[in-house]
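Structure, as structure tokens:
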Amino acid sequence: MQYIHLLDLNTNVTVLEVGPKSLILQDNHQLVAGPLPFVVIPPGHYCVIRNPVKQPCEPGKQFDLNHGHREIRFFKEPFPLYPGEAIEGVRNVASYKPGIKALPVIGPNEGLRLTAIVDHIDGEEERKAGDMWQLEGPLTYRPTPYAKIETRVTPRIIKHGEALRLKAKQGLIDKKGKNRVTSEQWLIRDPGAYLPGAYEEVLGVEKAHTLTETTALHMRAKQTCTDALGKKRNAGEEWLVTSEDTEMYIPEVFEEVVAEVTQTVLSRKDYCIVMDPIDSKGRNQLGKKELRKGVTSFFLHPGEDLDGGILNSYILEADEALVLSAVDHFDDDSAKKKCHRSPGDRWMIFGPVEYIPPIEVAVKAQRIAVPLCENEGIYVRDTQTGAVRAVMGPQSYLLRAYEELWEKDLPDDVENILKNGGGIGSGDIRKMAYFESSINLSLTRAEGRDKTQVIVYRCPGNTAVQVYDYLRKTARVIFGPDLVVLGPQENFNVLCLSAGKPKKPDALKTICLMLGPDFITDIIEVETSDHARLKIKIAMNNFFEVDRGNDESEQAIFSVPDYIGNACKSVASRIRGKVAQVAFDEFHRYSTSLIKKAVFGVDKDGVIKQRLRFDANQLVVTNVDIQSIEPVDLQMSESLSKSVQMAIEISTKSIERAAEHEAKRTEQMAKGLLERQKLTNEKEAENARVKLFELRAITAAVESSGQSKSEAQAQAERLLIEGESAIEVAKLKAEAAEVELLAELESQRMEKDGELQHQKRLNELELQKAKELAEIETDKFAAMVEALSAKTISKIARSGPESEAGLLKGLGIQNVLITDGTTPLNLYQSPSGFSQAGMMS
């Protein structure tokens with residue numbers, strides 16, 4: 001079926017013409033559209049007609065359209081479109097199929113969201129333009145022209161351990177019948193499929209927090225609400241959710257997770273102090289502390305904190321102790337006797353013990369007994385009195401409650417002196433060798449000296465050390481070899497000595513005074529009466545003359561700080577004064593005696609004294625030796641050098657002549673030895689040459705006979721091998737033949753043995769057979785004799801020979817010999833094989 005739209009040009013009206021028919025267009029007619037097929041709506045489909053007719057009329061008639069309206073047409077008879085009608089979604093009228101739509105089928109747990117286009121009444125509901133509502137399946141929706149399909153709503157699957165977070169776009173009543181205001185949020189916790197309402201906005205899926213025995217949630221309320229466990233919470237309130245409350249926790253919309261709390265576990269040796277613990281009502285007790293000991297486990301509630309974290313209990317050994325101080329009043333029952341402690345009290349607890357301090361006690365220090373060997377010690381200070389003392393070994397010392405280690409500081413010079421064994425100096429100073437044996441390795445460590453240890457110094461032998469006590473303002477002297485132990489208020493007396501050549505002041509700093517005997521070397525410059533300036537290098541032997549045990553004498557040796565410089569200056573002044581009185585020639589001849597007279601002086605008899613004593617510090621000089629004398633003036637030095645050089649040349653030439661004579665003598669002896677050695681070597685060479693010729697002859701003989709001998713030996717060895725092989729083959733063949741013969745012999749023997757055994761068995765069987773037959777015949781004859789009886793046989797025997805023969809023949813007996821009463825009767829000769837039988841008459 002088809003239809004056309006025909007325009008009447010006279011009336012300007014377009015009409016509908018429906019087939020089947022043939023139509024001839026008039027001059028005033030114009031074909032607007034067509035021919036077009038009827039619109040066919042299959043079952044389960046619909047279409048939307050825009051500007052539908054108000055009321056259908058017959059084809060060719062004029063009609064009215066509802067402009068701006070929409071009409072929904074479902075499955076029915078095919079129909080044409082009136083002029084002005086259009087199928088929504090179709091541009092080409094000839095192809096209307098894109099405008100045919102299937103009816104929306106809403107499955108289970110699905111929905112269709114609709115919006116009212118105009119005010120209308122939907123069943124019993126009054127809808128206003130812009131209203132939105134939702135149809136839930138399962139159903140098939142028949143669209144209306146008053147509502148528009150916004151979207152198809154799919155369900156949100158809520159899994160176990162999840163919740164759907166929703167927000168109200170405007171005031172509504174949710175599926176549980178609860179009023180919701182605009183922008184209100186809530187959670188859907190029921191597992192399964194949930195279909196959000198028309199005014200419900202899905203914000204997301206909230207995952208559940210899994211709670212174990214070792215984890216918990218620290219929650220906070222954003223505003224006053226009811227938590228997920230049904231308990232009312234005030235705004236800002238914080239609480240803890242553990243596995244005892246629930247295994248999985250999904251916070252409500254007004255709850256927030258502050259943090260995930262891990263369980264605090266205390267072992268047997270652990271403890272902790274909880275700050276601001278909660279009470280039975282769940283409130284924090286601000287400023288209060290609580291001691292918790294292991295073995296236990298707990299969660300820290302909001303507001304609680306650990307003072308110092310998890311602490312280990314103090315395990316004290318026998319040589320350890322704890323210094324404790326009370327911060328509050330409490331009764332101490334850790335001691336043997338219960339006592340009351342007040343704030344500020346200080347005491348100690350000694351090991352062996354395991355100790356956990358109460359909250360009223362602060363641990364000030366943990367002490368370990370300091371092991372001190374002999375000559376070791378520590379400085380100990382009493383914190384109450386401030387007194388410092390030195391505790392020496394051998395012992396193990398444990399500091400008391402009001403004692404502490406005290407550090408003793410030393411001046412930098414003393415520190416360096418102790419590190420170097422007792423002295424420090426610039427340049428090459430001979431006396432530094434005295435201190436090498438006294439170097440303390442503990443002072444040379446990279447980390448430095450332990451200032452709490454008592455300072456000890458090994459005083460070298462034949463030296464003295466002065467120690468000054470600043471508290472008592474006294475000094476004591478220690479003579480080596482000995483050990484110097486410094487008290488807390490003591491320090492070493494540092495000597496600044498002159499050293500070098502010539503002597504320089506303060507070149508050597510030391511705490512040791514070398515008592516001697518020792519020597520001092522110095523270079524002094526003098527001038528003779530004729531103005532000859534000379535440098536004299538002298539060495540003085542010296543020692544200290546000290547009365548040990550006499551304190552005044554001992555202290556006197558340290559009265560002059562630079563005893564070396566003082567002695568050198570004094571001796572130099574004496575030498576200069578003496579040399580200035582004599583001329584150069586005289587001094588050159590008698591320098592030694594002049595210098596000794598100048599230094600030591602002479603007695604009343606003009607004899608040079610033997611020593612020079614300095615009373616101020618008891619230093620004694622016993623000898624002065626001149627090591628060298630050099631003129632300061634260059635010309636004089638050259639003259640002396642020439643004279644010395646000439647003397648050296650003369651000495652050198654005499655030595656050269658002697659050496660030359662000795663060399664010639666040695667050369668002659670060497671030549672004689674060389675000639676003798678040549679002759680010996682030639683003799684040995686000739687002997688070796690003879691041996692060489694002999695070896696060559698032997699070698700030639702071996703070379704000439706070697707090949708034939710080798711061939712003969714090879715041929716002989718070949719024949720020997722062949723003969724041995726033939727012998728071996730013959731032996732093997734003989735052994736094989738012997739084995740074969742033995743096997744054949746054994747086989748024959750076994751065969752003969754078998755035949756013999758077989759024949760023996762046959763003979764035995766024959767013998768057994770004959771024996772049994774004889775027994776049968778004997779039994780038969782005995783039975784016959786018994787049957788005839790002895791009388792009958794006797795009568796037969798007395799009858800005539802013929803009758804006997806006939807009788808015996810009748811009995812089957814042949815060749816029977818009848819005898820008298822004493823002769824046996826042969827009755828056993830019969831056809832059956834009996835040989836003889838005897839019978840008594």
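Just the heavy atoms: all of them, side chains too, but no hydrogens, waters or symmetry mates, feed the values below.
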Could you tell me whether Arg292 sits above the aromatic face of Phe298, with NZ or CZ closer than 6.0 angstrom to the six-membered ring centre and within 45 degrees of the axis? yes

Spacing of CE belonging to Met219 relative to CG belonging to Leu229, to within rounding of 0.5 Å: 9.5 Å

Which heavy atom of Ile250 sits nearest to which heavy atom of Ala208, and what is that distance? CG1-CB, 3.4 Å

Please determine whether the number of non-hydrogen atoms from other residues, nucleotides or ligands lying under 6.0 Å from atom NZ of Lys364 exceeds 12. no

Test side chain to side chain contact (heavy atoms under 4.5 Å, CB included) on Leu195 and Val153 and set out the steps. CA-CA 7 Å; Leu195 192 65; Val153 183; 3.6 Å; yes

Should the heavy atoms of other residues, nucleotides or ligands under 6.0 Å from CD of Gln384 be counted, would the total exceed 12? yes

Might you point out which heavy atoms bring Arg346 and Arg367 nearest each other, and give the distance in Å? NH2-NH2, 4.4 Å

Sidechain-backbone polar pair: Asp382 side chain, Gly386 backbone, donor-acceptor under 3.5 Å: no

Heavy atoms, side chains only, cut-off 4.5 Å: are Ile117 and Tyr146 in contact? no

Heavy-atom side-chain proximity of Glu88 to Ile49 below 4.5 angstrom: no

Take atom NZ in Lys178; do more than 12 heavy atoms of anything else shown fall under 6.0 Å from it? no

Closest non-hydrogen atoms of Tyr355 and Pro357, given as atom of the first, atom of the second and distance, are CE2-CA, 3.5 Å

Mind checking whether Val105 and Tyr141 have side chains closer than 4.5 Å, heavy atoms only? no

With rounding to the nearest 0.5 angstrom, report the OG1 to CD1 distance, Thr14 to Ile4. 11.0 Å

Audit row: Leu399, Leu405, side chain to side chain contact (heavy atoms under 4.5 Å, CB included) steps and yes/no: CA-CA 8 Å; Leu399 295 176; Leu405 292 176; 3.8 Å; yes

Without swapping roles, check the side chain of Asp227 against the backbone of Gly230 for a donor-acceptor pair under 3.5 Å. yes

Just so I know, are the side chains of Thr452 and Trp406 near enough to count as touching, which here means a heavy-atom distance under 4.5 Å? no

Side chains of residues 73-81: which donor-acceptor partners sit under 3.5 Å, not counting sequence neighbours?
residue : atom : partner : partner atom : Å
Arg73   : NE   : Glu71   : OE2          : 3.4
Arg73   : NH2  : Glu85   : OE2          : 3.1

Under the 3.5 angstrom rule, does the side chain of Asp345 hit a backbone N or O of Ser342 as a donor-acceptor pair? yes

Taking the basic N atoms (NZ, or NE/NH1/NH2) and the acidic carboxylate oxygens, is any pair closer than 4.0 Å for Lys338 and Asp333? no

Kindly compute the distance separating NZ (Lys54) from NE2 (His67), expressed to the nearest 0.5 Å. 8.5 Å

Minimum-distance pair of heavy atoms, taken over all atoms of Ala235 and Thr224: N-OG1, 3.4 Å

Pairwise distance CH2(Trp347) to CZ(Arg341) - rounded to 0.5 angstrom: 5.0 Å

Answer yes or no: is there an ion pair linking Lys289 with Asp328, defined by an N-O contact shorter than 4.0 Å? no

Looking only at side-chain N and O atoms, does Glu150 offer a donor or acceptor that is under 3.5 Å from a partner on Thr115? yes

With a 3.5 Å distance limit and no angle check, can you tell me whether Thr383 reaches the backbone of Tyr402 through a side-chain donor-acceptor pair? yes

Under 3.5 Å: donor-acceptor pair, side chain of Asp8, backbone of Asn12: no

Going by salt bridge (Lys or Arg N to Asp or Glu O under 4.0 Å), name the pairs with one or both residues in residues 266-280, residues two or more places apart or in two chains. Arg268-Glu354

Separation of Leu291 CG from Tyr271 OH (nearest 0.5 Å): 8.0 Å

Cut-off 3.5 Å, side chains only: do His218 and Glu238 have a donor facing an acceptor? yes

Donor-acceptor pair, side chain of Thr246 and main chain of Met248, under 3.5 angstrom: yes

To the nearest 0.5 Å, tell me how far Asn179 CG sits from Ile173 CD1. 4.5 Å

Do the numbers put Arg113 on top of the ring of Trp133, so that NZ or CZ is under 6.0 Å from the six-membered ring centre and no more than 45° off the axis? no

Check the pair Leu166, Val202 against side chain to side chain contact (heavy atoms under 4.5 Å, CB included), reporting the backbone distance first and the verdict last. CA-CA 5 Å; Leu166 302 178; Val202 178; 3.7 Å; yes

What one should report as the nearest heavy-atom pair of Val53 and Leu65 is CG1-CD2, 3.4 Å

Can you see whether Asn66 engages Asn51 through a side-chain donor-acceptor pair at a distance of less than 3.5 angstrom? no

Sequence neighbours excluded, which residues qualify as salt bridge (charged side-chain N to carboxylate O under 4.0 Å, His left out) partners of Glu126? Lys128

With respect to Glu252, which candidate in Arg189, Arg233, Lys222 satisfies the salt bridge (charged side-chain N to carboxylate O under 4.0 Å, His left out) definition? Arg189

Is any side-chain N of the basic residue among Glu255 and Arg220 closer than 4.0 Å to the acidic one's carboxylate O? no

Check whether the side chains of Gln263 and Ser297 place a donor and an acceptor atom closer than 3.5 Å, and report yes or no. yes

Using distance alone, with no hydrogens and no angle criterion, decide if Tyr199 and Gln134 have a side-chain donor and acceptor under 3.5 Å apart. no

Charged N to carboxylate O under 4.0 angstrom, Lys175 versus Glu136? yes

Do the charged groups of Lys169 and Glu201 touch, with an N to O distance under 4.0 Å? no

For a quick test of reading the model, state the closest non-hydrogen atom pair linking Leu112 to Ile149 and the distance between them. CD1-CG2, 3.7 Å

Test Val261 against Leu240 for side chain to side chain contact (heavy atoms under 4.5 Å, CB included), laying out the working first. CA-CA 9 Å; Val261 181; Leu240 204 65; 3.9 Å; yes

Tell me, do Asp190 and Lys176 make a side-chain contact under 4.5 Å, heavy atoms counted? yes

Does the cation-pi check pass for Arg165 over Trp186, that is, NZ or CZ under 6.0 Å from the six-membered ring centre and within 45° of its axis? no

For the CD atom on Glu247, are there more than 12 heavy atoms of other groups (residues, nucleotides or ligands in this structure) within a distance under 6.0 Å? no

Do Tyr314 and Val363 have side-chain heavy atoms sitting under 4.5 Å apart? yes

Do Val48 and Ile87 come close enough that some side-chain heavy atom pair is under 4.5 Å? no

Side chain to side chain, Pro251 and Glu256, heavy atoms closer than 4.5 Å: no

Look only at the side chain of His120 and the backbone of Val118, and say whether a donor-acceptor pair between them is shorter than 3.5 Å. yes

Pair Lys167 + Glu184, salt bridge at N-O below 4.0 Å: no

More than 12 heavy atoms of other residues, nucleotides or ligands under 6.0 Å from NE2 of His160: yes or no? no

